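Report on the structure given below.
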Amino acid sequence: MQLPSFLSVNRPKITRSSINRAYVNGRSIINGNLGVPILLLMMLGMMTLPLPSFLLDVFFSFNIALSIVVLLVSVYSLRPLEFAVFPTILLIATLLRLGLNVASTRVVLLNGHEGGDAAGKVIQAFGEVVIGGNYAVGLVVFIILMIINFVVVTKGAGRISEVSARFTLDAMPGKQMAIDADLNAGLIDQEEAKTRREEVSNEADFYGAMDGASKFVRGDAVAGILILLINIIGGLGIGMAQHGLTFTDALEKYILLTIGDGLVAQIPSLLLSTAAAIMVTRVNSSEDVRSQVLSQMFDSPKALAVSAGVLFLMGVIPGMPHVPFIGLAIVCGVLAYFIYKKDKQTLEVADGSYNPSSGAAGNRPSLPNQEGGEIIDARPENTELSWDDVQPVDLIGLEVGYRLIPLVNKPQGGELLKRIKGIRKKLSQEKGFLIPSVHIKDNLDLSPSSYRILLMGVCLGEAEIFSDRDLAINPGQTIGEIDGIATKDPAFGLPAVWIDLSKKDEAQTLGYTVVDASTVVATHLNQILLKHTHELIGHEDVQKLLDQLAKTSPKLVSELVPDKLSLNAVLKVCQNLLREGVAIKDFRSICEALLAASEKTTDSEQLTSAARVALCRQIIYALVKSDEALPVITLQPELEQLLLKANQQAQKTGADETGFIEPALIEAMQRSIRENLQRQEIANKPAIILVAGVLRSLLLKLCRSLAVDATVLAYAEIPENKSITVSGTIIGISGNNGNSQH
């Protein structure tokens, strides 16, 4: 059957997307997308339209309930950012309260001559019950509340908000530098760094919003005073002029209602002001306000014991009320006793893990760790010696003094094991092989707050730290000094200061990079492992890499090892690459290059050069971006020819090529290398020396003898599509530096 034309023309097509869109729009209305416009219309209605006393009671009750909820949420929030919407709620609650003031003023002035519940039950209750029906008492109570709210709470919260906002903005660069330092040290990954940066930005936005919102609270307190005065004057005038009341009747009726109205508004205002003060005075912590108060005020029994003694002395003075003072003294004394007993039990448990009198570890179980290290403890002395007493040398070791044991003890909140796991994970991903575990143990020969990092049993770094302080590192751009224990950063040797934990924000504001004790140890360990990565790889690691490669390229592995090269030869090449800062992640390209070069030579230096050519893109990309020219330092042509001749003579005789170079020439080359590298550092350019392939080993030796961090490249290691810029020339024979571009 054909539909009528008026039913078929321009009829919309019903599709799945249109149905979904309709449901989404319906849910948006139901879920409250219209809540804000409705709330604004409600506030506008309260200010313009007369409200019945019943609705006033409902709205006043809602206002008080909202203030109580906001106050409790502020108390139980662990961090200010957990209640980041607080400034917006503060603004909305202030506007709601002002709207109620306008609505209640209208009702009081219109119906106040009737007295009683003319303005609603809530206002009546506050006018009669709370202040006992005495308008003089009510006026005094109201003035006291206004002084407390305006002079004390609101003014203090506003000042703290202003200072916090300024200090938070000033501390942002230092916090960003600390995040970058943790990221570079491998303590955090990109996702966590992004999350921390967002937290820093959100924290600045929050305190900036609180600074503005506190001005609303302050203005609301001023408005309460003005509204009270206007209501009293207006009520007296309306009562006597329009309703014929005597001055005494008008004063009693209108002032009682006005005071009740003011108290109904000021009590929620005081609650919100207190909530604002709590939020801006909070310190980021994993505990709420209640837990912080209990742990910090009642952690030591000394304060309670002394207080009990003072209260008891006051209680026994003749003429003083004995029961309250002596009763409180007993309560404080009992609390001090229980806290003392609890601390003593905790100390006994802690002493069971370490016996300083015996000079050895106590009954501590060995704590194997899955997060980057293993805690090794001393064993009881055996009557007979055995091979078990000959302990193998740990590849990577970390020894700590007994005061630093909490840093590696997870039940005591130690974060060092987690940091070490992050370092191992980052280095393993960057270098291409699994970094060995770090074996951690306490050493009673060390000072209590010292640690020592060992590689193959040899100490490569040690320092003294303070586990209860933060280290403020001066990166060279600070704007002031901070009090503390002066020292040097163990990892980089920068000037630093050990500061109290409470001075962290101040130090970051001054431009310091602030890290905790665990981060100091972890960063120091990271720097040592970076310098000695080539010593960490062994035969088992190379065999594991070959086994992994055999899963995808079995033919390549079978032809290379052991047919062409031994496992030891491949290990030597990997060690050479790691020593020169080249990762072995692309192990397939390395093996392919070794297989091709093994037809001509088995020399480890030449095999390493072939592997570097195969990894040229990886090497160059680690130095500069793909679209940038490569700034290099080259050899003076006359010097290069002289070195090539010395290399040829060395190959004929099998001697070291430095034996065919005059010492004066080597010294001149070293001076020129140092000068060129200093110019590159000042220009913020990478230190790259470009030479012929046969001379790369010689220049690398000279750079290592100078202990400078420079990359030596061969001509063959430059990709064909990569442009270079000659920014310096190494001179050994009289000549001038030159700059050119190719």
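None of the values given here were measured: they were computed from a predicted structure. We're numbering straight along the sequence, starting at 1.
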(request) Write down the atom of L510, the atom of E481, and the distance for their closest heavy-atom approach. (result) CD1-O, 3.6 Å

(message) So I396 and S437, do their side chains get closer than 4.5 Å, heavy atoms only?
(response) no

(message) Any non-hydrogen side-chain atom of L546 less than 4.5 Å from a side-chain atom of V561?
(response) yes

(message) Taking the side chain as everything from C-beta on, heavy atoms only, tell me whether F433 gets closer than 4.5 Å to L536.
(response) yes

(request) Hey, could you give me the CG/CD1 distance between L623 and I688, rounded to the nearest 0.5 Å? (result) 4.5 Å

(request) Just grab all the side-chain hydrogen bond (donor to acceptor under 3.5 Å, both in side chains) pairs involving residues 541-552, residues at least two apart or on different chains. (result) Q543-D547

(message) Counting neighbours of CZ on R452 that are heavy atoms of other residues, nucleotides or ligands and sit closer than 6.0 Å, is the number greater than 12?
(response) yes

(request) Please report the closest heavy-atom contact between V514 and A507, naming both atoms and the distance. (result) CG2-CB, 3.6 Å

(message) Counting neighbours of CD on E192 that are heavy atoms of other residues, nucleotides or ligands and sit closer than 6.0 Å, is the number greater than 12?
(response) yes

(request) Please examine the side chains of T487 and V497, heavy atoms only from C-beta on, and report whether any two atoms are closer than 4.5 Å. (result) no

Which side-chain N or O atoms in residues 566-585 pair as donor and acceptor under 3.5 Å with protein atoms at least two apart or in another chain?
residue : atom : partner : partner atom : Å
S566    : OG   : A569    : N            : 3.2
N568    : OD1  : H539    : NE2          : 3.2
N576    : OD1  : R579    : NH1          : 3.0
N576    : ND2  : K572    : O            : 3.3
N576    : ND2  : T608    : OG1          : 3.0
E580    : OE1  : R612    : NH1          : 2.6
E580    : OE1  : R696    : NH1          : 3.2
E580    : OE1  : R696    : NH2          : 3.2
E580    : OE2  : R696    : NH2          : 3.1

(request) Check whether any side-chain heavy atom of I420 lies under 4.5 Å from a side-chain heavy atom of L398, and answer yes or no. (result) yes

(message) Applying side-chain hydrogen bond (donor to acceptor under 3.5 Å, both in side chains) as the test, list every pair that has at least one member in residues 488-509; sequence neighbours left out.
(response) R469-D500

(request) Determine the minimum heavy-atom distance between P490 and L471, stating which atoms define it. (result) CD-CD2, 4.4 Å

(message) Working to the nearest 0.5 angstrom, can you tell me the gap between Q429 CD and K431 NZ?
(response) 13.0 Å

(message) For T523 and V515: C-alpha separation, side-chain torsions, deciding distance, then whether side-chain contact (heavy atoms from CB on, under 4.5 Å) applies.
(response) CA-CA 10 Å; T523 305; V515 295; over 6 Å; no

(message) Ignoring hydrogens, what is the shortest heavy-atom contact between S467 and L404? Give both atom names and the distance.
(response) CB-CD2, 4.2 Å

(message) If you define the side chain from C-beta out and look only at heavy atoms, does anything of I465 sit under 4.5 Å from L407?
(response) yes

(message) Any donor-acceptor pair under 3.5 Å linking the side-chain atoms of T519 with those of D516?
(response) yes

(request) Taking the six-membered ring for Trp and the full ring for Phe, Tyr or His, determine whether the centres of F86 and F83 are under 6.0 Å apart. (result) yes

(message) Is the shortest side-chain heavy-atom distance between L455 and I528 below 4.5 Å?
(response) no

(request) Would you name the heavy atoms of F587 and L549 that are closest together and state the gap between them? (result) CD2-CD2, 4.0 Å

(request) Give a yes or no on whether D709 atom CG has more than 12 heavy-atom contacts from other residues, nucleotides or ligands under 6.0 Å away. (result) no

(message) Would you say that L454 contacts V458 through its side chain, given a criterion of any heavy-atom pair below 4.5 Å between the two side chains?
(response) no

(message) Restricting to non-hydrogen atoms, name the atom on L545 and the atom on G432 that form the minimum distance, rounded to 0.1 Å.
(response) CD2-O, 3.5 Å

